[in-house]
Each structure stands twice: as structure tokens, then as C-alpha cells.
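Everything quoted here is computed from the prediction, not taken from an experiment. First listed ligand is number 1; within each ligand, the first listed atom is number 1.
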Amino acid sequence: ARITEIMLHKFKVQTKARAAVIDVTAQVRKAVEQSGVSSGLCCIFTPHTTAGVAINEHADPDVGRDILATLEKLVPEKGDYRHYEGNSDSHIKSTLAGCSQTVIIEDGRLLLGTWQGIFFCEFDGPRQREVWVKVAPGP
Ligand code: ZN
């Protein structure tokens, strides 16, 4: 049980806009370091129905901007939706992004491409959100 506690890491993300992508690569790296796992898999999961986790270029912030702008065009806030909460677009964007990502851990490090970063994606902010990171040792 103690090992499980160490390897499940949670952190909060405070978002400031209705839609945003927030680079959480550093928080995930920290979780991997704290786990002490040198080889395995890292699952990054967000337990929300109007948010997501994505991996994409984080060197140029315009990439995140373009992703959000295009999602907004594909799935506008107002549309032919029935969901009583009025945030159907947020649920649909969450489904498109997905609520988790998996990254390989090798030599104690996240095996990301040179330009890749891990983003928390907000589609119905501003809110306080959570990200859960599970680090699983493996061969
Ligand atoms: Zn809803």
C-alpha cells in the first residue's frame, strides 16, 4: 500500500479562462522523479468531463493557441445541443482531446520527443482542476 501511495501523485491546476492549454510537463517530471521508478509507464489522467490531457509542441505557445482556436471552430460554444448544463461543447472537446496520456519512462526520465510537452486542457474554466499521475514500474 505504501508503494501505491508513492506512485500515485496528484496536483492541482487553477485555470483562468474558459479554454486554455497549460503546460504541466514539469509537474509530471517531478512525479516521476519522486516515484523513483527508472523504467516503466507514466499515466497522466484528469478526472473531469470538460477537460483533457494532450501531448504536443510546447516550444511555440502559438501551437496551443491554434489547437484551441480550431477546436472552437469545430465545436462552437453555441450549437444544436441538448445537455441541460449548457456546456456541451466542453464535453465534446474533452472527448476529442481525451482524459489521459501515457508516456514511457526510461532511465528515470519521461521519454518525450524534443518538441513535446504535456498539456492540461481546460474547456470549461475558469476552475480548479486535478491531474493524477500514476507511475508504474515495468521491464
Ligand atoms: Zn455539462
query = Could you state the interatomic distance from CG (Asn56) to CD (Gln116), rounded to the nearest 0.5 Å?
reply = 7.5 Å
ask   = Would you call Lys93-Glu72 a salt bridge at under 4.0 Å N-O?
value = yes
message = Report whether any nitrogen, oxygen or sulfur of Asp124 sits less than 2.8 Å from the Zn ion (ligand 1) (N, O or S, backbone or side chain).
response = no
task = With rounding to the nearest 0.5 Å, note down the distance linking NE2 in His9 to CD in Gln27.
result = 8.0 Å
query = Roughly how far apart are Ile44 CD1 and Lys134 NZ, rounded to 0.5 Å?
reply = 13.5 Å
key: N, O or S of Asn87 under 2.8 Å from the Zn ion (ligand 1)   = yes
request  = Taking the Zn ion (ligand 1) as the reference point, name the nearest N/O/S atom of Glu85.
outcome  = OE1
